[in-house]
Amino acid sequence: MNILQGKRKRQDLASTLSASMTNEERVIYNIIRGKKEMGIWQGDIKRETNIPDSILKKSIKLLISKTLIKEVVNIQNKSKKVLMAMEFEPSKEITGGEWYTEGRLDTQLIDALSDVCLKLISRKKIATRDAILEWTKTLGSEVFPGGVSPGQVEQILKVLVMENKLKEVNSTGFGDFSSVPAG
């Protein structure tokens, strides 16, 4: 399928959906979709559109039931859910980033990754971020079923250094460092 065919399919879907929507639903959907990964709060939609509250709520429920939009918990204000088109993933500003799961700080992930880093480094004496990341992908898959990112490993290592649980050193490429590239 070429790019033009993909655009046609999206346009066909949009026109099909558009035909089955009321004017209010279409306006609300377009506003929500226009906010992309940041989403929009229901009160802001009301201010922008001046649609009566009962129609606004009914339209939003209908759009959610058609799986065109979704509600996402805003980490900065948990009582203020934002609405977002289904095709977008919430931004880190909304979800809290990699360390949050369903709007809550995932302390179990943080503790588990810290423990893994400390145990691996104490066993091997020396380890790079990439070596720890590789270990979490292969042997640590049952501990981290969703996986961890290089950024998460690096952040944990920096915290462990700041807490004086680890010491950061640069490789010389000799002695204990012979298996680690210099730098």
Side-chain angles (χ1 to χ4, degrees), residues 1-22 24-49 51 55-114 116-117 129-130 132-138 140-159:
M1 174 182 3
N2 64 32
I3 294 173
L4 191 55
Q5 287 173 326
K7 286 183 180 181
R8 281 191 195 128
K9 282 187 179 180
R10 277 179 284 190
Q11 288 171 347
D12 292 343
L13 177 63
S15 62
T16 303
L17 292 173
S18 193
S20 68
M21 289 186 204
T22 65
E24 290 85 4
E25 290 168 3
R26 191 176 304 108
V27 167
I28 293 166
Y29 177 69
N30 286 334
I31 287 172
I32 293 170
R33 194 163 182 263
K35 297 300 179 179
K36 298 183 180 178
E37 71 276 350
M38 290 304 291
I40 186 169
W41 181 54
Q42 184 173 324
D44 293 335
I45 296 171
K46 186 176 179 180
R47 265 193 298 284
E48 281 187 37
T49 62
I51 293 175
I55 295 173
L56 178 65
K57 286 180 180 179
K58 181 181 172 187
S59 298
I60 287 172
K61 280 185 181 180
L62 192 66
L63 291 169
I64 289 172
S65 72
K66 290 181 177 180
T67 64
L68 294 173
I69 64 170
K70 59 186 170 184
E71 288 183 321
V72 179
V73 175
N74 184 340
I75 194 68
Q76 297 165 355
N77 187 349
K78 292 183 183 189
S79 64
K80 200 175 185 181
K81 291 183 179 177
V82 295
L83 300 164
M84 182 177 302
M86 288 299 282
E87 65 217 50
F88 298 109
E89 286 299 315
S91 69
K92 288 182 181 179
E93 291 87 0
I94 301 294
T95 62
E98 298 177 307
W99 297 112
Y100 285 80
T101 304
E102 296 175 10
R104 294 189 176 176
L105 183 63
D106 194 344
T107 55
Q108 289 179 327
L109 172 65
I110 294 168
D111 293 343
L113 188 54
S114 296
V116 164
C117 289
R129 179 202 69 187
D130 293 337
I132 294 169
L133 186 62
E134 189 59 37
W135 187 88
T136 62
K137 286 179 184 175
T138 54
S141 59
E142 64 277 352
V143 179
F144 308 108
V148 294
S149 71
Q152 285 176 307
V153 173
E154 192 163 325
Q155 288 174 0
I156 289 293
L157 290 173
K158 285 181 181 181
V159 167

Visitor: Check whether any side-chain heavy atom of Asn30 lies under 4.5 Å from a side-chain heavy atom of Arg26, and answer yes or no.
Guide: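 Heavy-atom side-chain distance check passes, below 4.5 Å.
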Visitor: Of all residues at least two apart in sequence or in a different chain, which pass the salt bridge (Lys or Arg N to Asp or Glu O under 4.0 Å) check with Lys92?
Guide: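 Partners of Lys92 by the salt bridge (Lys or Arg N to Asp or Glu O under 4.0 Å) criterion come out as none, since no residue qualifies.
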Visitor: I want to check something: taking the side chain as every heavy atom from C-beta on, are Leu157 and Ile132 in contact at a cut-off of under 4.5 Å?
Guide: yes
Visitor: For side chain to side chain contact (heavy atoms under 4.5 Å, CB included), just list the numbers for Gln155 and Val159, CA-CA rounded to whole Å, side-chain angles, deciding distance to a tenth of an Å, and then say yes or no.
Guide: CA-CA 6 Å; Gln155 288 174 0; Val159 167; 5.6 Å; no
Visitor: Please report the shortest heavy-atom distance between Lys70 and Pro90, naming the atom on each side.
Guide: NZ-CD, 4.3 Å
Visitor: Can you list the residues that meet the salt bridge (Lys or Arg N to Asp or Glu O under 4.0 Å) rule with Lys158, with sequence neighbours excluded?
Guide: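 Result, salt bridge (Lys or Arg N to Asp or Glu O under 4.0 Å) vs Lys158: Glu154.
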Visitor: So Gln42 and Lys57, do their side chains get closer than 4.5 Å, heavy atoms only?
Guide: yes
Visitor: Any chance you could lay out the side chain to side chain contact (heavy atoms under 4.5 Å, CB included) test for Asp44 and Val82, step after step, and finish with the verdict?
Guide: CA-CA 10 Å; Asp44 293 335; Val82 295; over 6 Å; no
Visitor: Does Ile69 form a side chain to side chain contact (heavy atoms under 4.5 Å, CB included) with Met86? I'd like the steps, not just the answer.
Guide: CA-CA 5 Å; Ile69 64 170; Met86 288 299 282; 5.5 Å; no
Visitor: Quick one: are Glu25 and Leu68 in side-chain contact, heavy atoms under 4.5 Å?
Guide: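 They are not in contact (no side-chain heavy atoms under 4.5 Å apart), so the answer is no.
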Visitor: Heavy-atom count check: over 12 atoms from other residues, nucleotides or ligands less than 6.0 Å from Lys81 NZ?
Guide: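 Atom NZ in Lys81 is not crowded, with 12 or fewer foreign heavy atoms closer than 6.0 Å.
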Visitor: Going through the distances and angles, do Lys66 and Leu62 end up as a side chain to side chain contact (heavy atoms under 4.5 Å, CB included)?
Guide: CA-CA 6 Å; Lys66 290 181 177 180; Leu62 192 66; 4.1 Å; yes
Visitor: Taking side chain as C-beta onward, heavy atoms only, is Leu83 less than 4.5 Å from Ile31?
Guide: no
Visitor: Please list all pairs meeting side-chain hydrogen bond (donor to acceptor under 3.5 Å, both in side chains) that have one or both residues in residues 82-91, counting only residues at least two apart or in different chains.
Guide: Arg33-Glu87, Ser91-Glu93
Visitor: Which atom pair, heavy atoms only, marks the closest approach of Arg47 to Trp41?
Guide: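 Taking every non-hydrogen atom into account, NH2-CZ3, 4.0 Å.
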Visitor: So, for Leu56 and Lys46, which heavy atoms are closest and what is the spacing to 0.1 Å?
Guide: CD2-CB, 3.7 Å
